[in-house]
Amino acid sequence: MSEKKERLSFRQVMAYSRRGFAIWWKVKPELLVSAAVQRAADALAPYLPLYFTARLVNAIAGGAGAGEVWPLLGWLLASTAAAGTLLAAVKCWDETMRYSHQFPAWNRIFFDKLLSMDFCDVDDPKNQALFTQIQQARQWSGWGLNKLYSLFSHAVGAVFRILGAIALSVSLFTLPVRLDSPLVWLNHPMCLAGMGALLVGAVLLSGALSNRANRYWSEYDGTQGNRGFSFFYFIAMNERHRGTDIRTYAQDKFLEEAGRQNMEGPTSFGPNSLVGRAGRGPMGAFRAAAGAVSQSFMGLIYLFAGLKALGGAFGVGSVTQYVGALAGLALGFTDLLEVMGELRANGPYLKLTYQFLDIPNKMYQGSLTTEKRSDRKYEIEFRDVSFRYPGADTWALRHVSMKFDVGERLAVVGENGSGKTTFIKLLCRLYDPTEGEILLNGIDIRKYRYDNYLALFSVVFQDFKLLAQPLGQNVAAAERYDRERARECLEKAGFAERLGSLPKGLDTCLYREFEDDGVEVSGGEAQKIALARVLYQDAPFIVLDEPTAALDPEAEAEVYTKFNDIVEDKTAIYISHRLSSCRFCDEIAVFDHGQVVQQGVHDKLVETDGKYQALWEA
Ligand code: ADP
């Protein structure tokens with residue numbers, strides 16, 4: 001196929017798979033246990049009726065009386081009923097485990113990684129592309145850790161199928177034909193060995209052929225086709241986003257044609273795509289050959305078992321047992337080979353997964369604690385700080401030196417792209433400076449415990465997001481919280497009136513993603529909630545990074561001034577590209593092309609010839 005994936009050695013594949021297994025085992029061992037038990041039960045269950053039916057037929061054919069037949073019939077019914085009930089219970093348990101834990105566990109593996117990674121690595125486009133690739137592989141056919149999980153359960157099923165089959169078919173080879181029968185040659189060890197070899201050969205050959213056919217699918221990278229498929233075929237359902245456009249511009253015909261062309265593309269699934277053609281060509285031929293070999297195999301077993309029954313080795317009922325068991329054996333081996341093939345195809349996806357999970361944390365993690373000072377005496381200093389984003393060749397910040405004390409109101413102003421947000425990201429240690437250092441009370445911030453240091457800041461970023469969870473939990477950023485305090489903070493943030501009108505008060509769910517009676521909050525209301533969240537946290541430093549960008553300049557100035565009244569003794573840093581919003585601040589730092597070009601109070605700056613004045617007049 002066109003997009004050949006990397007072929008890994010068997011040892012590498014097994015090492016990757018073992019590691020994946022260990023990951024699953026660590027997050028949710030019960031998932032593996034329930035899958036194994038379910039598959040084992042599922043594989044063994046069909047052998048029970050096979051065994052008892054054979055006994056029953058043997059008894060009837062051998063002319064046994066009712067005294068022997070009835071108990072056998074009882075066993076047959078009781079065992080199948082018991083097995084059926086047990087199977088249903090185990091299946092129910094396994095499905096419950098799978099539905100409620102498999103995807104959450106997958107998410108947790110990546111969620112934990114994403115949240116524990118250095119932020120600069122999360123932000124790195126290279127890592128984002130890697131993560132997208134992992135997600136797409138999962139969506140395309142569960143490739144990666146999910147595939148490993150399902151292959152594990154398949155493998156367990158196959159192994160038990162084989163074990164059950166062996167247990168039920170050993171006597172086909174060991175029970176001898178009667179010595180006075182003309183078929184006595186069937187007892188000869190050479191004959192048994194030849195038959196055994198033929199059976200094993202047929203099983204392996206048919207397995208290998210169907211495996212070869214399946215390889216077309218598993219080696220085929222359908223990500224692109226899958227993406228196209230989801231895009232073109234579900235587009236009309238995306239009523240909110242595109243459906244309206246499609247109707248108003250009558251794009252249906254055009255989309256249908258584009259969708260058809262996509263289906264015929266080499267990486268898609270249509271009749272003329274690569275898989276489509278392989279199905280009619282080599283893939284189909286391998287499948288047909290595999291079918292022919294396995295049918296011949298069945299014929300061979302019938303012949304062998306039939307001849308031995310004729311020679312008096314066992315009753316006619318046993319023939320069905322052997323045929324059934326050996327069919328199970330063949331199926332088990334085919335499954336096992338298929339699992340091996342898919343494990344191999346899954347190797348590169350696991351490799352991608354580990355590339356991501358193994359991204360090291362490079363940021364220095366200090367051990368000093370930021371003592372919780374009751375006097376909140378904190379002083380921050382940027383000492384000749386310069387910063388370049390990973391992979392960028394221009395400086396986002398250059399030689400920034402600045403000092404500010406707790407309790408101050410600092411405004412950071414400048415045009416878009418001048419480095420304001422970058423300044424905040426460095427302040428909150430989402431990134432470390434490329435050059436220079438940032439000090440807290442005279443000590444490099446890298447030397448503090450990261451979580452301790454982060455707890456000093458409450459930030460409302462430009463693109464802050466609230467969660468589709470109850471209002472109170474959004475404010476407290478926690479599931480359990482002090483309701484009185486949450487209410488107070490919302491009131492301070494100007495949300496009192498709206499809160500009063502909400503039927504469930506603090507328990508009202510935001511947005512309608514999860515609750516039909518959730519409320520849609522407007523941009524302005526969302527801001528108030530975000531501000532209340534800042535107040536609730538009660539951190540000594542508060543940063544507002546233009547969370548008001550959607551508001552008009554006057555409304556923004558109003559929010560900032562009002563907020564200034566409620567932050568009390570905390571240090572507040574206001575970021576804005578609108579100078580009018582920050583007039584009230586004690587100190588204004590003017591950023592331009594990553595540098596602090598001016599610093600001072602509004603009245604002074606506006607009279608000085610410089611960037612501030614130019615921006616003010618603009
Ligand atoms: P502001 O907040 O003043 O609008 P930013 O701090 O966001 O400015 O951006 C400063 C400079 O850094 C800009 O040139 C911007 O393009 C660049 N920049 C911002 N974020 C990234 C990033 N994640 N990767 C690379 N460059 C970035």
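Each ligand, and each atom within it, is numbered from 1 in the order the structure gives.
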T353 and Y16: side-chain donor and acceptor closer than 3.5 Å?
no

If we number the atoms of ligand 1 from 1 as shown, the ones under 4.0 Å from a heavy atom of D123 are 23 (N)

Exercise for review: For ligand 1, find out whether one of its N or O atoms is nearer than 3.5 Å to an N or O atom of A392.
Suggested key: no

Among non-hydrogen protein atoms, atom 7 (O) of ligand 1 lies closest to T421 CB, 3.8 Å

ask   = Among side-chain atoms of D545 and T421, is any donor-acceptor pair under 3.5 angstrom?
value = yes

Is it true that W395 and H593 have ring centroids separated by less than 6.0 Å? no

Are more than 12 heavy atoms, taken from residues, nucleotides or ligands other than R108, located less than 6.0 Å from that residue's CZ atom? no

Atoms of ligand 1 under 4.0 Å from any heavy atom of K420, numbered from 1 in the order shown, are 1 (P), 2 (O), 3 (O), 4 (O), 6 (O), 8 (O)

query = Is the backbone of Q469 close enough, under 3.5 Å, to the side chain of N474 for a donor and an acceptor to pair up by distance?
reply = yes

For atom 5 (P) of ligand 1, the closest protein heavy atom turns out to be T422 OG1, 3.6 Å

Subject >> F119-Y450 aromatic ring centre distance below 6.0 Å >> reply: no

A student checking ligand 1 against E415 at a 4.0 Å heavy-atom cut-off should list atoms 3 (O)

**Prompt:** Do any nitrogen or oxygen atoms of G417 come within less than 3.5 Å of a nitrogen or oxygen of ligand 1?
**Reply:** yes

Salt bridge check, E525 against R498: does any charged N sit closer than 4.0 Å to a carboxylate O? yes

Note: ligand 1 atoms sitting under 4.0 Å from heavy atoms of N416 are 4 (O)

- Item | Ring-ring centroid check Y389 Y431, cutoff 6.0 Å | yes

| task | Return a yes/no value for S418: is any of its N or O atoms, backbone included, closer than 3.5 angstrom to an N or O of ligand 1? | result | yes

- prompt: Mind checking whether G414 has a heavy atom under 4.0 Å from ligand 1?
  reply: no

closest protein heavy atom to atom 18 (N) of ligand 1 is Y389 CE1, 3.3 Å

Protein heavy atom under 4.0 Å of atom 15 (C) of ligand 1
no

